Amino acid sequence: MPDRGSTYARGVASVAAGSLAVELLPEGTHRLGSRTPIGPRLAHVVDSTPTVRSITRTLLEVHGFEVEAFAGLDAAAQRCAARMPDVVVMEPHDREADALDVLRRWHAQVASPHPPVVWCTTVTPTQGHLSTGALLSLRGVVIKPFRLEALAALVVRVVRTHERERELLDLGVDLRRVTGPLSAADTGAWLGVESRLAEEHGRPLSMVVVDSATPEVMLAMRSVIRSVDLLARLDQRTSAVLLPDVDVAGAAVVAHRTGNAVTVIERVPVVRAVTRYPGEPGEAFLERALRRR
């Protein structure tokens with residue numbers, strides 16, 4: 001997790017926080033998340049190098065994906081007309097075109113709704129690539145060389161995030177338009193959806209709860225969490241970091257960092273980690289998180 005004022009590899013700074021962010025490894029390298037299988041999901045792997053296609057295919061298959069591999073973008077886009085993948089892992093490098101132009105071409109060739117895209121590339125993206133790419137379904141970037149397990153974990157996180165976003169959109173909550181903390185109402189919907197998904201797939205779910213929701217507190221919290229982590233309001237005076245796929249131990253680490261960050265506040269708020277119990281619905285999880293000791 002980044003400290004205050006930190007940047008990504010090679011000076012690429014964090015982009016918009018929360019749902020609009022693009023997760024860029026190595027920031028997320030050490031958060032591998034749940035090891036539960038992804039379930040029946042289709043991934044497209046697009047790379048001109050046969051060895052890379054083979055490695056990525058094998059890696060994703062081990063994690064439960066069905067994989068179709070393509071040497072070029074056009075063939076993958078044509079395949080989408082028959083069967084849309086759940087995620088696309090692509091190398092966007094092109095000697096004659098910028099990576100964003102490659103992504104725009106992909107976006108134009110594939111029907112909506114577009115699957116999330118993960119770039120697996122040797123080229124470090126600029127902040128403009130990330131912020132514009134986020135509007136073109138880019139959700140993650142892995143810069144070669146990378147740890148194989150980290151790539152798989154990122155792809156799994158991207159798919160799970162996309163699934164959550166789709167279900168929330170059906171409830172009238174558009175996470176892609178969120179530019180600040182989730183409202184209390186939207187947080188309740190988020191917890192309901194994610195609690196059900198966590199139960200169905202045997203995944204952990206945690207929150208770091210802070211007994212304050214002032215802008216100063218939220219700014220301190222944001223400074224020590226990942227750009228893709230969501231800040232939320234549980235009610236008018238309680239904020240939280242939402243941590244899907246994070247267990248008790250992982251939540252304790254986030255709580256410790258958050259607690260250190262808010263010590264600069266005049267009235268230091270109480271910070272605590274709360275992890276969902278097996279079988280606990282979102283409403284009950286929220287109610288327990290709001291109990292002040």
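Index from 1, following the sequence. All of these numbers come straight from a predicted model, not from anything done at the bench.
Residues passing the side chain to side chain donor-acceptor pair (under 3.5 Å) test with Asp74 are Arg105, Gln109, sequence neighbours excluded. Scored by the ring pair (Phe, Tyr, Trp, His ring centres under 6.0 Å) test, His129 finds no partners at all (sequence neighbours excluded). For the salt bridge (charged side-chain N to carboxylate O under 4.0 Å, His left out) test, residues two or more places apart in sequence or in another chain that qualify with Glu200 are Arg196. In this view, Thr187 satisfies the side chain to side chain donor-acceptor pair (under 3.5 Å) rule with no residue, not counting sequence neighbours. Here Arg41 pairs with Glu163 under the side chain to side chain donor-acceptor pair (under 3.5 Å) rule; sequence neighbours left out. Contacts of Glu61 classified as salt bridge (charged side-chain N to carboxylate O under 4.0 Å, His left out), with partners at least two apart in sequence or in another chain: Arg57. Every residue two or more places apart in sequence or in another chain that forms a salt bridge (charged side-chain N to carboxylate O under 4.0 Å, His left out) with Arg164 is listed here: Glu194. Judged as a ring pair (Phe, Tyr, Trp, His ring centres under 6.0 Å), and not counting sequence neighbours, Phe285 has no contacts. Under the side chain to side chain donor-acceptor pair (under 3.5 Å) criterion, Thr238 pairs with Asp235, Arg292, not counting sequence neighbours. The salt bridge (charged side-chain N to carboxylate O under 4.0 Å, His left out) test applied to Asp94 returns no partner, not counting sequence neighbours.
Separation of atoms OG1 (Thr132) and CG (Leu103) is listed at 9.5 Å; rounding is to 0.5 Å. A distance of 8.5 Å separates CG of Leu243 from OG1 of Thr275, quoted to the nearest 0.5 Å. The OG1 atom of Thr56 sits 13.0 Å away from the CE atom of Met90 when rounded to the nearest 0.5 Å. Here the CG atom belonging to Leu290 is positioned 4.5 Å from the CG atom belonging to Leu286, to the nearest 0.5 angstrom. In this structure, OG1 on Thr161 lies 8.5 Å from CG on Leu230, to the nearest 0.5 angstrom. Here the straight-line distance linking atom CG of Leu73 with atom OG of Ser48 works out to 11.5 Å at 0.5 Å rounding.
The two atoms that bring Ala289 and Met207 nearest to each other are CB-CE, 3.4 Å, heavy atoms only. Between Val22 and Leu130 the shortest heavy-atom distance is CG2-O, 3.5 Å. Closest heavy-atom contact between Ser227 and Ala21: O-CB, 3.5 Å. Considering all non-hydrogen atoms of both residues, Leu42 and Met84 come closest at CD2-O, 4.1 Å. The two residues Leu234 and Ala184 make their nearest non-hydrogen contact at O-CB, 3.7 Å. Considering every non-hydrogen atom in both Ala232 and Met218, the closest pair reads O-CE, 4.1 Å.
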Side chain to side chain contact (heavy atoms under 4.5 Å, CB included) evaluation trace for Ser239 with Leu231
CA-CA 7 Å; Ser239 55; Leu231 282 178; 6.0 Å; no
Please report the C-alpha distance between Trp190 and Val173 in whole Å, then the side-chain angles of each, then the deciding distance to 0.1 Å, and finally whether the side chain to side chain contact (heavy atoms under 4.5 Å, CB included) criterion is met.
CA-CA 9 Å; Trp190 190 101; Val173 179; over 6 Å; no
Output, in order, the C-alpha distance, side-chain angles, deciding distance and verdict of side chain to side chain contact (heavy atoms under 4.5 Å, CB included) for His162 and Asp86.
CA-CA 9 Å; His162 189 62; Asp86 296 287; over 6 Å; no
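With hydrogens and angles disregarded, a donor-acceptor distance shorter than 3.5 Å links the side chain of Asp229 to the backbone of Arg226.
Listed by first and then second residue, the ring-ring contact (aromatic ring centres under 6.0 Å, His included) pairs that reach into residues 76-109 are His107-His114, sequence neighbours excluded.
Of the options Arg160, Arg276, Arg157, a salt bridge (charged side-chain N to carboxylate O under 4.0 Å, His left out) to Asp245 is made by Arg160 and by none of the others.
The residues Asp211 and Arg272 are annotated as salt-bridged, a charged nitrogen and a carboxylate oxygen being separated by less than 4.0 angstrom. Asp47 and Lys144 are joined by a salt bridge, as a carboxylate oxygen and a charged side-chain nitrogen come within less than 4.0 angstrom of each other.
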Which donor-acceptor pairs under 3.5 Å do side chains of residues 260-271 form with protein atoms, sequence neighbours excluded?
unit_1, atom_1, unit_2, atom_2, d
Asn260, ND2, His256, NE2, 3.3
Thr263, OG1, Asn260, O, 2.7

